[in-house]
Visitor: 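Just passing along the structure, written as structure tokens.
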Amino acid sequence: MKDIIQIKNISFNYPDQPLLFDKLSMDVHEGEWTAIIGQNGSGKSTLARLIDGLIVLKSGQIVVDGLTVNDENIFEIRNKIGMVFQNPEDQFVGATVEDDVAFGLENRQVPREEMHRIVEKSLRQVGMWEFRDRIPANLSGGQKQRVAIAGIVALSPKIIILDEATSMLDPRGRQEILSLVNEIKKQNKLTVISITHDIDEAAGADWVIVVNNGAIVEEDKPDNIFGDIEKLESIGLSAPFTSQLMTALKARGIDSHSQYLNDERLITWIKKLISTK
Amino acid sequence: MSNFLFGRYLPGKSWVHQMSPQSKLMLSFYFVIVIFFANNVWTYASLSVLILIVVVMSGVSIGYFLKGIRPLIWLIIFTVLLQILFSSGGHVYWHFGPFSVSDTSLINGGYIFVRFLLIIMISTVLTLTTTPLAIADGVQTVLKPLKKVHFPVDTLALMLSIALRFVPTLMDEMETILNAQRSRGVDFGSGSLKHRIQAAVPLLVPLFTGAINHAENLSTAMEARGFTDSEHRSKYRVYRWQRKDTISWVAFLLVGVLVLFIRNN
Amino acid sequence: MDQEINFNQVTHTYQVNTPFAQDALDNVSVTIAPGSFTAIIGHTGSGKSTLVQHINALLKPTTGEIAVYGRTINPNTTNKNLKQLRKHVGMVFQFPEKQLFEETVIKDIMFGPKNYGVSEQDARRDAEDAMKLVGLDENLSEKSPFDLSGGQMRRVAIAGVLAMKPQILILDEPTAGLDPRGHKEIMDLAQELHDQQHMTIILVTHQMDDVVDYASDVIVMDQGKIVKHGNPQEIFSNPQWVYSMHLDLPSSAEFATRLVDEGVPLRHTPLTIEKLADEIAQLVQGGQEHE
């Protein structure tokens, strides 16, 4: 599988602070949902900003879809990447929903007629077309994130980066945004990078990268990451619900002999246990 | 939840809503200038009639305008009192030291009051019927000629639009900070002047810090969305000159001429 | 029982006489027992925050009255003489780190006690105690709160409320935006304050697992009304009803309903992982013994 993002030996520090990343390397596979997890302050949001060229590397190289992130390529790279940030309030530039979706298009000097067509299509895709006249003060956090996603869809990027995009939403809003991104990923054949400390969200990813103190602790399929509850807790994270239930069952002498099962497989296994008792 | 209405656009489809923002902006400026030419009952009356027609055509209930006055009430009272106590001439009813109240000063005080009312009403109509973005676009259109002398018109318009868009956000934040500090025992708005100034620090520091955070995050988000400079952008919205604009201009110009005729020279 | 919190037919209308007017509280009557750990749940906009802001008179009722800590708050209550009340009712707002303003951590925490007339010396002692409670290292006390991490700033803010030694502590989504470790530490702190300091804790939350793990009482709000008040078991016993309130079930209960949908004959709706594991184990092992 093609690596759409290659991070090679990067080092970075904020001014007057020790190195956050020291020769870090990782790749992101095209078309997959990659979750980067770690506790607050582990450096995962900084990583997102480096990929989008919003802050500058000290050394090393980041390649996005064949282009090295540098001053020359920066705008082409930002055409390929859409970012949804943590605070819904702070990425809403436009005065109304439709103006906000148009913001990115205006920056790229898209002609007006085309803009109107794209804005409508994007807002319909995220289910916010009825709200196009609303001002941000009259929207919920989840609705603002939907608008942010419409603003990204409008630019038809190849990659969406969710930078803790759901951490300020209530559980329902979080679920809705995640399923929306999933749907858009499928329809538009996107690569998704989700930076999060929500373990249940990461459990649904294709690939999980665990970051702690600026270093990669582990990267693997969710199955191989989420078996080890103690390890996750030692770096400030928690285990997914199913792992916790499996541990509780094991304590009662019911052992699946597998490391990790997601919801569906755990349900299937429990059903089998009961029917073959 | 804030009662302060500035920057709170009320969606609608009224005549005034549909006018182009540059017209509304220019007419508001024009109207304020005309107000300063008014100097007798008839001129103030004709301007009041005009503004009442505008209010009716904006479809916004009168309660909003009264609310718009509330935050300014002390300024108004102070200015009116100043006018009443210090203007001279006419039949003196009462005087004490440098203060005096006469029929002229009462009338002048009344005029000042009406003047305030008119200015508040026209600006309230403007902000309630025009989205912040449209106001910014209006400014941009009005200032376009300045581009020739390399004045950053587009940047100014974008800054204005973003500033206006964040007014409700910052208002809500202020409310929360006020409540949080009240819960920690701060008594806002009571005690000596020194005490009041001291009480403002726990409000202003967090508000300022918050605003800086918003600004930093917003600039990152704008950059991520491909923003480079405000001069090289296409425009999603255009505001075409409409018949409604022409009619409004004619009406306003006529009233202006009328004021010039009937004012005391 | 003058320490209980008692709402008597309280209605609160925002922006009376404008098109934005809305009943945020609609004829609410409820009693919150002293020493309870009460969770208030309801979807966004259901009136949770409005309800709790009446307890320390930040909002006054449009009609009705609230009795709290021997004080009565009614529509005519003025902003005078509320200090005693507010000292007893500590209020931690959402993202409380936004209220920090002093040059040093210790000064910020001392701010509340000093407003209530505590001497400099005592305020410092109370602040140091509060820092210990929330687990802030004492060598942070002379640092600027703005140089701390997000999680630490939140503790400073909470310590600033605890330093006033309130008897009632209101927490409005205190863990929003925190990572799992930070989340657990704040919730464990709430439990400690409840168990050891005997504070009445009122928790506004969207996290149903926290409701189950920490609360003894639950108030469910919908459209400005209290629609249910009971213990977690009573609240979550009917999954359909919970969903109709636009709320979620605790993870274990949610997983259990999925098992039931798949034909696994669970007898109860378990609220915790341990209970769920018990139920499953009973079906698997208990069955073997009988056959």
Side-chain angles (χ1 to χ4, degrees), chain A residues 45 48-49 51-55 74-116 118-119 132-139 144 148 151-152 154-155 157 161 163, chain B residues 1-2 4-5 7-13 17 21 127 130-137 154 157-173 210-238 240:
Chain A
S45 284
R49 275 151 213 239
I51 294 171
D52 205 35
L54 293 165
I55 41 180
I74 194 76
F75 298 111
E76 216 169 316
I77 283 168
R78 285 184 192 154
N79 284 340
K80 293 176 190 287
I81 301 176
M83 283 189 64
V84 188
F85 293 94
Q86 179 178 26
N87 191 338
E89 197 62 45
D90 289 352
Q91 52 195 311
F92 205 113
V93 187
T96 70
V97 167
E98 53 180 326
D99 288 298
D100 188 65
V101 176
F103 179 75
L105 299 166
E106 291 177 319
N107 289 337
R108 288 161 179 84
Q109 304 194 48
V110 176
R112 185 176 304 124
E113 279 67 35
E114 208 181 326
M115 259 200 279
H116 278 271
I118 298 173
V119 167
R132 61 187 175 279
D133 290 337
R134 293 269 193 110
I135 61 170
N138 295 340
L139 296 174
K144 280 179 208 156
I152 286 165
L155 302 171
I161 301 182
D163 184 3
Chain B
M1 304 264 173
S2 170
F4 196 66
L5 280 162
R8 300 249 188 197
Y9 167 69
L10 279 181
K13 297 261 177 259
H17 278 88
T127 50
T130 322
T131 63
L133 190 78
I135 292 180
D137 277 335
D154 297 316
L158 189 69
M159 277 168 55
L160 190 63
S161 132
I162 292 170
L164 288 170
R165 173 244 167 286
F166 270 92
V167 167
T169 307
L170 293 175
M171 285 292 172
D172 287 346
E173 246 155 54
I212 300 229
N213 276 336
H214 283 305
E216 276 176 358
N217 292 339
L218 191 73
S219 72
T220 307
M222 284 171 69
E223 213 183 314
R225 297 176 69 181
F227 180 78
T228 47
D229 64 286
S230 24
E231 312 297 317
H232 299 98
R233 305 181 71 227
S234 54
K235 291 220 66 101
Y236 178 69
R237 279 180 193 272
V238 274
R240 288 195 187 82

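So that the names make sense, note that chain A is the first sequence line, chain B the second, and so on, each numbered from 1.
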Visitor: Where on B:D229 is there a heavy atom nearer than 4.5 Å to chain A: the side chain, the backbone, both, or neither?
Guide: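 No part of it gets close to chain A.
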Visitor: I need the B:T220 OG1 to A:D163 CG distance, nearest 0.5 Å.
Guide: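 B:T220 OG1 to A:D163 CG: 10.0 Å, rounded to 0.5 Å.
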Visitor: Just so I understand: if I count every heavy-atom pair under 4.5 Å between each of A:H116, A:M83, A:R134, A:E113 and chain B, which residue has the most?
Guide: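 That would be A:H116.
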Visitor: Taking all heavy atoms of B:E223 and all of A:R78, pick out the closest pair and write down the distance.
Guide: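 Between these two residues, the closest heavy atoms are OE2-NH2, 3.2 Å.
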Visitor: Quick check against the 3.5 Å criterion: does B:S234 have a side-chain atom that pairs as donor or acceptor with the backbone of A:V110?
Guide: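 Side chain of B:S234 to backbone of A:V110: a pair is present.
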Visitor: Is the side chain of A:R112 donor-acceptor paired with the backbone N or O of B:K235 at a distance under 3.5 Å, no angle test?
Guide: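 Side chain of A:R112 to backbone of B:K235, a donor-acceptor pair under 3.5 Å: yes, one is there.
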Visitor: For chain B, which candidate among A:I81, A:L155, A:V119 shows the most heavy-atom pairs at distances under 4.5 Å?
Guide: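 The answer is A:V119.
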Visitor: Name the region of A:I74, side chain, backbone, both or neither, that has any atom closer than 4.5 Å to a heavy atom of chain B.
Guide: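 No part of it gets close to chain B.
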Visitor: With rounding to the nearest 0.5 angstrom, report the CD to NE2 distance, A:Q109 to B:H232.
Guide: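 Taking CD in A:Q109 and NE2 in B:H232, the distance rounds to 6.5 Å.
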Visitor: I need the minimum non-hydrogen distance between B:Y236 and A:E98, along with the two atoms involved.
Guide: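 Here B:Y236 and A:E98 meet closest at OH-OE1, 2.6 Å.
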Visitor: Which atoms form the tightest heavy-atom contact between A:F85 and B:A221, and what is the distance?
Guide: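 Minimum heavy-atom separation between A:F85 and B:A221: CE1-CA, 3.6 Å.
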Visitor: Any residues in residues 89-96 of chain A near chain B, with a heavy-atom distance under 4.5 Å, and which are they?
Guide: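 Heavy-atom contacts from residues 89-96 of chain A to chain B are A:E89, A:D90, A:Q91, A:F92, A:V93, A:G94, A:A95, A:T96.
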Visitor: Specify the closest pair of heavy atoms between A:N107 and B:R225, including all atoms of both residues, with the distance to one decimal.
Guide: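 Closest approach of A:N107 to B:R225, heavy atoms only: ND2-O, 3.1 Å.
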